[in-house]
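Below: one structure, written as structure tokens.
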Amino acid sequence: MSLNYVLVVSEPAYGTQLARTAYQFACAAIAKGHSVSKVFFYQDGVLNGAATTVPANDEFDLVKAWQTLANEHQVQLETCVAAALRRGIVSEQEAMQHGLSQANLADGYQQAGLGALAEALLTADRVLQF
């Protein structure tokens, strides 16, 4: 039986292990034939969507890994718009709306409200928070 997962990531890409654990879980679930329809980045987790993250050459690039996973397996990557704005993660649309000179939301990520998360929860077989 194949399950559809939604992941909620509340921790940043670097500084803790939980965001990478979420990524590893997503990879393992997909490898076992399950699907991950959405990863919703909330609270400090929105930092996983920063286009300006540049890890050292010998470090795992988690932002790029999420992007690759999304492209290869049609996983939606969404950052909570309110949490992202508070932490300086801004999409093109939000940059224009707030009169900012540039955006820094990484490619492949979208910004959405908690309503989008609530809707995803209704269709998921399992929801995991990291």
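Quick caveat, the model's predicted, so the values are computed rather than measured. Values below: all heavy atoms of this structure, side chains included; hydrogens, waters and symmetry mates excluded.
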Taking C-beta and beyond as the side chain, do [X] and [Y] meet within less than 4.5 Å on heavy atoms?
X: Q110; Y: L77; result: no
X: Q129; Y: S10; result: yes
X: H73; Y: V36; result: no
X: E78; Y: K38; result: yes

What distance do [X] atom [atom1] and [Y] atom [atom2] have between them, rounded to the nearest 0.5 Å?
X: C80; Y: I89; atom1: SG; atom2: CD1; value: 12.5 Å
X: Q74; Y: S37; atom1: CD; atom2: OG; value: 12.0 Å
X: L7; Y: R126; atom1: CG; atom2: CZ; value: 13.0 Å
X: S101; Y: M96; atom1: OG; atom2: CE; value: 13.5 Å
X: Q43; Y: R87; atom1: CD; atom2: CZ; value: 6.5 Å
X: L3; Y: K32; atom1: CG; atom2: NZ; value: 13.0 Å

Over 12 foreign heavy atoms within 6.0 Å of [atom1], [X]:
X: D107; atom1: CG; value: no
X: Q24; atom1: CD; value: yes
X: Q17; atom1: CD; value: yes
X: Q97; atom1: CD; value: yes

Count I, L, V, M, F, W, Y as connected when their side-chain heavy atoms are under 4.5 Å apart, and connections chain through other members. Are [X] and [Y] then in the same cluster?
X: Y42; Y: L117; result: yes
X: F41; Y: L121; result: no
X: L100; Y: L47; result: no

Do you know which two heavy atoms are closest between [X] and [Y], and how far apart they sit?
X: A95; Y: Q102; result: CB-O, 3.7 Å
X: N48; Y: V63; result: O-CG2, 3.2 Å
X: A84; Y: V46; result: CA-CG2, 3.7 Å
X: A120; Y: V6; result: O-CG2, 3.9 Å
X: S2; Y: S35; result: OG-N, 4.4 Å
X: P12; Y: A19; result: O-CB, 3.3 Å

Chi angles and distances behind the side chain to side chain contact (heavy atoms under 4.5 Å, CB included) call for T79, L105 | CA-CA 9 Å; T79 62; L105 183 66; 4.0 Å; yes
Criterion side chain to side chain contact (heavy atoms under 4.5 Å, CB included) on L69 and I30, from CA distance to verdict | CA-CA 10 Å; L69 183 78; I30 291 168; 3.8 Å; yes
Just do the side chain to side chain contact (heavy atoms under 4.5 Å, CB included) check on L128 and Y5 with the steps written out, would you?
-> CA-CA 8 Å; L128 281 82; Y5 288 92; 3.5 Å; yes
Step-by-step side chain to side chain contact (heavy atoms under 4.5 Å, CB included) determination, Y14 to L62 = CA-CA 8 Å; Y14 300 99; L62 188 54; 4.0 Å; yes
Take W66 and Y109, measure what ring-ring contact (aromatic ring centres under 6.0 Å, His included) needs, and give me the verdict at the end.
-> CA-CA 9 Å; W66 282 121; Y109 291 76; 8.0 Å; no
State whether the side chain of [X] and the backbone N or O of [Y] hold a donor-acceptor pair below 3.5 Å, judged by distance alone.
X: N104; Y: A51; answer: no
X: H34; Y: N4; answer: no
X: D61; Y: P55; answer: no

Assert yes or no for the condition that the ring centre distance of F130 to Y23 is strictly below 6.0 Å.
-> no
